[in-house]
Amino acid sequence: MATINDTEKADAPRIVLSGVGKWFDDLCVFQGVDLDVGKNEIISIVGPSGCGKTSLLRCLNGLLKPDQGQVLVDGEPVLGPRKSIAMVFQDFGLFPWKTVLGNVGYGLKVRGVPKSEIRDVAQHFIKLVGLEGREHAYPFQLSGGMQQRAGLARALTVNPNVLLMDEPFGSLDAQTRELLQFELLNIWSENPTTMVFVTHAIEEAVLLGDRVVVMMGRPSSIRTIVDVPLPRPRDPSTIASAEFQQIRHYVWELVMGVERGRSDGAAHVG
Ligand SMILES: Nc1ncnc2c1ncn2[C@@H]1O[C@H](COP(=O)(O)OP(=O)(O)OP(=O)(O)O)[C@@H](O)[C@H]1O
Ligand SMILES: [Mg+2]
């Protein structure tokens, strides 16, 4: 029987950032970042180049140590890379000397999973991201979209509780990007997990996120968090809806306010 404590635990946020700040020498990149992210929630982060989005993700996966505040995942401070946290990088991060199978299975290999099991799990995710038949191809033989699918498959193999994505579709053409956005949403709906998705594309941020975090300032901090109460599953008709366009425009005004150096650039939804 579930106790009150079990219930509280189930409702507890997956990620808790409190007062997080990061310096590089005397450059303060961001400070005072407070954010809770729920289990199975998708958070999009937007903000101008250099405001510290990648650095914040690196604090979340334990590759960087915050200089202020605390990063908790599942109630425990993140002090280094963790099994349950996976990251997909903008530049795909594939090993050029490994095949698709080798790259996708790499995360399991470093976790000491037996070879026969790696093959089965890797194969499952290769199929899931639509790369079946390309298992033995090397990255140079793949298009950008295929390389990004391989990067995504590699992150998914470890069955992460937290999936961090740093502009994963940033270098893809518009058509491939749109295709992968919907594929990612499908994969997520079949296997929901906590996702933090950094992007420069406002439309992508709104399409994917339950909330969009807007970072701004020097040093930066969270300027606003915009709720995206659009129903799921989201599909191409979502983008055509008036509500989507209204939220997209609202976030766009916020971000453009940043770029014009205004501090009062917010528009209002509704
Ligand atoms: N390892 C590092 N050493 C020193 N400075 C760094 C380091 N990593 C990042 N910075 C600096 O921190 C600031 C934030 O960088 P970061 O890459 O986090 O920004 P970003 O928001 O991801 O930018 P972009 O949108 O261009 O990817 C920049 O001024 C960058 O030069
Ligand atoms: Mg970055």
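Given the structure is predicted, the values throughout are model-derived calculations rather than measurements. The analysis underlying the following values was restricted to heavy atoms, covering all of them including side chains, and did not include hydrogens, waters or symmetry mates. Both counts, for ligands and for their atoms, begin at 1 and track the order of listing.
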Practice task
Indicate, as side chain, backbone, both or neither, the part of Val29 found under 4.0 angstrom from ligand 1 when only non-hydrogen atoms are considered.
Solution key: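 Side chain only; the backbone of Val29 stays clear of ligand 1.
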
Exercise for the section: Have a look at ligand 1 and work out which part of Met215, if any, has a heavy atom under 4.0 Å from it: side chain, backbone, both or neither. Expected result: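 Met215 to ligand 1: no contact under 4.0 Å from either part.
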
Practice task
Compute the minimum heavy-atom distance from Arg58 to ligand 1 and say whether it is under 4.0 Å.
Solution key: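 It does not, in that no heavy atom of Arg58 comes within the 4.0 Å cut-off of ligand 1.
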
Handout entry: Glu167 to ligand 1, any heavy atom closer than 4.0 Å
Key = yes

Students should be able to answer this: which protein heavy-atom is nearest to [atom], and at what distance?
{"atom": "atom 23 (O) of ligand 1", "value": "Gly50 N, 2.8 Å"}
{"atom": "atom 17 (O) of ligand 1", "value": "Thr54 CB, 3.7 Å"}
{"atom": "atom 18 (O) of ligand 1", "value": "Ser55 OG, 2.5 Å"}
{"atom": "atom 11 (C) of ligand 1", "value": "Phe24 CD1, 3.8 Å"}
{"atom": "atom 25 (O) of ligand 1", "value": "Lys53 NZ, 2.7 Å"}
{"atom": "atom 24 (P) of ligand 1", "value": "Ser49 OG, 3.6 Å"}
{"atom": "atom 19 (O) of ligand 1", "value": "Gly52 N, 3.3 Å"}

Distance from [X] atom [atom1] to [Y] atom [atom2], nearest 0.5 Å?
{"X": "Ile225", "Y": "Met215", "atom1": "CD1", "atom2": "CE", "result": "10.5 Å"}
{"X": "Cys59", "Y": "Gln70", "atom1": "SG", "atom2": "CD", "result": "12.5 Å"}
{"X": "Leu17", "Y": "Asp34", "atom1": "CG", "atom2": "CG", "result": "8.0 Å"}
{"X": "Arg218", "Y": "Phe30", "atom1": "CZ", "atom2": "CZ", "result": "14.5 Å"}

Exercise for the section: For the pair Thr199 (side chain) and Ala201 (backbone), establish whether a donor and an acceptor sit closer than 3.5 Å, ignoring hydrogens and angles. Expected result: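 At least one qualifying donor-acceptor pair exists.
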
Handout entry: N/O donor-acceptor pair under 3.5 Å between Gln245 side chain and Ile239 backbone
Key = yes

Practice task
For residues Glu178 and Glu203, determine if any side-chain heavy atom of one lies less than 4.5 Å from a side-chain heavy atom of the other.
Solution key: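 When only atoms from C-beta onward are counted, Glu203 and Glu178 do not touch, as no gap falls below 4.5 Å.
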
Exercise for the section: Report yes if some N/O of Leu27 lies less than 3.5 Å from some N/O of ligand 1; otherwise report no. Expected result: no

Handout entry: Gly47 N/O to ligand 1 N/O under 3.5 Å
Key = no

Handout entry: Phe125, CZ atom: more than 12 neighbouring heavy atoms under 6.0 Å
Key = yes

Handout entry: Per-atom contacts, ligand 1 versus His200 - under 4.0 Å to a heavy atom
Key =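 Within the 4.0 Å cut-off of His200, ligand 1 contributes 25 (O).
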
Practice task
Specify whether the nearest protein heavy atom to atom 30 (C) of ligand 1 is under 4.0 angstrom away.
Solution key: no

Fill in the blank from the handout: Heavy atoms of Thr157 and Ala122 approach each other most closely as CG2-CA, 4.3 Å

Handout entry: Thr54 backbone or side-chain N/O/S under 2.8 Å from the Mg ion (ligand 2)
Key =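 Checking the Mg ion (ligand 2) against Thr54, an N, O or S atom does fall under 2.8 Å.
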
Exercise for the section: Identify which one of Leu108, Asn159, Leu156 satisfies the side-chain contact (heavy atoms from CB on, under 4.5 Å) criterion when paired with Val121. Expected result: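 Result: among Leu108, Asn159, Leu156, Leu108 is the only option passing the side-chain contact (heavy atoms from CB on, under 4.5 Å) with Val121.
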
